[in-house]
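Below is one structure; the comments refer to it alone.
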Amino acid sequence: MQRLYDFLRRHPTGVDSFWAVFLFGIGMLQVADDSFSSVTARMLAVPAVVAMSLVVALRRKWTQAMFWLAVGTGVYKLITHTEVNNADLAMLIILYTVAASAEVSRRLSRTALAIGFLASPLYALRFQVDKGDFRDDILFMLFAIVPFVLAWVLGDSLRTRRAYYAQLVERNQRLENQREAQAKVAVAAERARIARELHDVVAHNVSVMVVQADGAAYVMDAAPEQAKEALQTISGTGRQALAEMRRLLGVLRTGEPQESEDYVPQPDVEQIEVLVEQVRAAGLAVEFEVEGTPRPLPSGVELTAYRIVQEALTNTRKHGGPDAKAGVRLVYFDDGLGLLVEDDGRGAAHELYEDGGADGAGHGLIGMRERIGMVGGTLDAGPRPGGGFRISALLPLKKR
């Protein structure tokens with residue numbers, strides 16, 4: 001049965017052709033057996049049988065044309081006074097097809113229903129059907145209308161179900177496309193976040209290691225103890241960088257930080273002072289000041305504040321020159337956290353600040369703006385009056 005059903009679905013025209021041949025056969029048998037009709041009447045009935053068979057055979061391919069062919073055939077039968085034939089079942093079939101087809105306008109579908117209503121009264125008037133009295137004639141006509149109405153209702157119901165199913169399919173496809181788009185956006189955002197984290201980790205720690213390595217090489221012979229301290233700083237900085245990178249890679253692989261002996265928690269505001277001490281040990285003079293009463297902040301705000309200070313001091317160390325000094329100020333407001341990082345170096349004057357960008361708009365500053373935008377804050381970065389560079393940021397406690 002399933003194979004037969006699949007075959008019928010794959011070959012609808014073949015199925016219609018089969019039923020067309022069947023209607024033609026029973027229609028011609030009726031014409032041949034109608035001994036009460038004249039030869040002329042039987043000859044006139046043959047074109048109507050052929051036309052109705054053709055209507056059934058081609059009803060799916062040319063629905064509108066076959067509908068009007070059926071209507072024309074009905075008019076032909078009324079004009080030629082051709083009796084009702086078995087092949088006239090094609091009228092019900094084409095009425096159902098018109099009502100069910102999504103390619104046919106609603107206007108034509110309703111027109112088909114109206115013509116179906118008129119078919120029975122026209123037949124009764126043309127052939128002068130008399131069932132005994134007027135009431136019986138009315139009941140006969142109403143009963144004859146029922147098959148046409150049922151055929152149209154069944155077709156229209158199928159059309160409605162098909163349209164509803166098509167809407168469900170379209171809606172599911174749209175939702176699937178939206179989910180895919182949202183997934184792509186989420187992946188892009190996660191990649192950007194990881195890229196910012198890696199940039200901050202690598203740029204800061206490698207910068208410290210390079211400065212310490214240069215210093216150790218310079219004093220290796222004259223001050224071995226100082227060189228030894230520099231190498232220890234390099235070792236500790238390298239381990240810290242590896243631990244932070246493991247944390248980031250753990251999040252990238254599984255979505256959760258990986259627990260290990262070298263696990264480093266996510267940086268926060270309290271670690272800014274440790275960062276400043278590390279930068280001082282690397283040879284950059286930094287003044288650190290806190291205003292207001294320190295208090296716990298949202299993790300996103302704390303990480304953003306730490307990364308901004310880290311990036312700013314890294315750029316000062318890279319581009320500010322050997323005699324540069326920097327200052328870091330944290331200000332706790334009632335509704336947010338203020339950051340001010342400035343230096344008196346030569347980075348801005350020599351247009352080398354931030355990875356060689358001529359206007360200071362390199363990846364570091366872009367990363368700062370992206371981070372601050374994620375927490376709803378504001379950033380102001382640019383040269384200081386009199387030389388140096390200044391970064392000022394305001395991080396609200398609640399995202400705008």
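All values below were derived from every heavy atom in this structure, side-chain atoms included, with hydrogens, water molecules and symmetry-related copies excluded.
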**Prompt:** If we ignore angles and hydrogens, is there a donor and acceptor under 3.5 Å between the side chains of Asn177 and Gln173?
**Reply:**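 A pair is found: one side chain offers a donor N or O, the other an acceptor, under 3.5 Å apart.
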Please set out all donor-acceptor pairs under 3.5 angstrom arising from side-chain atoms of residues 97-114, sequence neighbours excluded.
residue: Thr97; atom: OG1; partner: Arg59; partner atom: NH1; Å: 2.6
residue: Thr97; atom: OG1; partner: Ile93; partner atom: O; Å: 2.8
residue: Ser101; atom: OG; partner: Glu103; partner atom: N; Å: 3.3
residue: Ser105; atom: OG; partner: Leu108; partner atom: N; Å: 3.3
residue: Arg106; atom: NH1; partner: Asp156; partner atom: OD1; Å: 2.3
residue: Ser109; atom: OG; partner: Trp152; partner atom: NE1; Å: 3.0
residue: Thr111; atom: OG1; partner: Arg107; partner atom: O; Å: 2.8

How far does [atom1] of [X] sit from [atom2] of [Y], to the nearest 0.5 angstrom?
X      : Y      : atom1 : atom2 : result
Leu175 : Gln182 : CG    : CD    : 9.5 Å
Asp380 : Leu339 : CG    : CG    : 12.5 Å
Asn85  : Gln30  : CG    : CD    : 4.0 Å
Glu270 : Leu297 : CD    : CG    : 9.5 Å
Thr304 : Leu337 : OG1   : CG    : 10.0 Å
Arg280 : Leu313 : CZ    : CG    : 10.0 Å

[X] versus [Y], closest heavy-atom pair with distance:
X      : Y      : value
Pro396 : Gly376 : CG-O, 3.3 Å
Leu154 : Tyr96  : C-CE1, 3.9 Å
Glu302 : Val269 : OE1-N, 3.1 Å
Phe148 : Ala119 : CZ-CB, 3.9 Å

Taking the side chain as everything from C-beta on, heavy atoms only, tell me whether [X] gets closer than 4.5 Å to [Y].
X      : Y      : value
Arg384 : Asp344 : yes
Val328 : Val286 : yes
Leu330 : Phe288 : yes
Leu395 : Ile372 : yes

Heavy atoms of other groups near [X] [atom1], more than 12 under 6.0 Å:
X      : atom1 : value
Arg295 : CZ    : yes
Phe22  : CZ    : no
Glu287 : CD    : no

Kindly say whether [Y] contributes a backbone atom to a donor-acceptor pair with the side chain of [X] at under 3.5 angstrom?
X      : Y      : result
Asn172 : Leu168 : yes
Tyr76  : Pro47  : no
Glu342 : Phe389 : no
Lys77  : Glu83  : yes

**Request:** Output the rest of the hydrophobic cluster of Val146: all Ile, Leu, Val, Met, Phe, Trp and Tyr residues reachable through side-chain heavy-atom contacts under 4.5 Å, sorted by chain and number.
**Result:**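 Traced through the cluster, Val146 reaches Leu150.
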**Message:** Between Asp16 and Arg60, does any NZ, NE, NH1 or NH2 come within less than 4.0 Å of an OD or OE carboxylate oxygen?
**Reply:**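 Between Asp16 and Arg60 there is a salt bridge, with a charged N closer than 4.0 Å to a carboxylate O.
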**Request:** Output all residues satisfying side-chain contact (heavy atoms from CB on, under 4.5 Å) with Glu291, sequence neighbours left out; order by chain, then residue number.
**Result:**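 Per chain and number, Glu291 pairs via side-chain contact (heavy atoms from CB on, under 4.5 Å) with Glu289, Arg329, Val331.
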